[in-house]
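Positions are given from 1 along the sequence.
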Amino acid sequence: MNKYCVTISQNGGEYDGDIFIKCDELIKIDNNTVCADGIEINFDYEYIIEIKKEGE
């Protein structure tokens, strides 16, 4: 199992925050959606800036 840090931006870049997800595989689907081990996670009104795997 891996730990991923998803950095998201809200309100046109005015606010940034990190979401931590533990899963085997994390795939970015589009600008506000990821898929973690087959489960789709959508961040409404937020934009994914970066995804980092812990240790990279």
Side-chain angles (χ1 to χ4, degrees):
M1 184 159 299
N2 300 303
K3 185 176 181 182
Y4 293 88
C5 175
V6 180
T7 303
I8 56 173
S9 175
Q10 184 181 32
N11 200 20
E14 187 174 349
Y15 304 103
D16 290 347
D18 293 328
I19 306 294
F20 295 93
I21 301 171
K22 287 184 181 179
C23 59
D24 290 321
E25 181 179 41
L26 186 77
I27 301 168
K28 182 178 176 180
I29 303 296
D30 58 29
N31 289 335
N32 64 341
T33 307
V34 295
C35 185
D37 292 343
I39 299 171
E40 193 173 290
I41 303 167
N42 182 275
F43 305 104
D44 285 340
Y45 308 108
E46 297 173 351
Y47 185 87
I48 297 170
I49 297 174
E50 180 178 45
I51 298 174
K52 286 191 217 173
K53 186 175 176 182
E54 188 174 73
E56 290 186 349

Give me the other members of the hydrophobic cluster that [X] sits in, counting Ile, Leu, Val, Met, Phe, Trp and Tyr linked by side-chain heavy atoms under 4.5 Å, directly or via other members.
| X | answer |
| --- | --- |
| F20 | none |
| M1 | none |
| Y45 | none |
| L26 | Y4, V6, I8, I19, I21, V34, I41, F43, I48, I51 |

| field | Straight-line distance of K53 NZ to C5 SG, nearest 0.5 Å | value | 14.5 Å

| remark: Rounding to 0.5 Å, atoms NZ (K3) and NZ (K22) come to a distance of 6.0 Å

| query | With sequence neighbours excluded, what pairs up with K52 under the salt bridge (Lys or Arg N to Asp or Glu O under 4.0 Å) test? | reply | E50

| message | Taking side chain to side chain donor-acceptor pair (under 3.5 Å) as the cut-off, I'd like each qualifying pair that reaches into residues 27-40, sequence neighbours left out, listed once. | response | D30-T33, T33-N42

| Those residues that, when tested against N2, pass side-chain hydrogen bond (donor to acceptor under 3.5 Å, both in side chains) (two or more places apart) | none

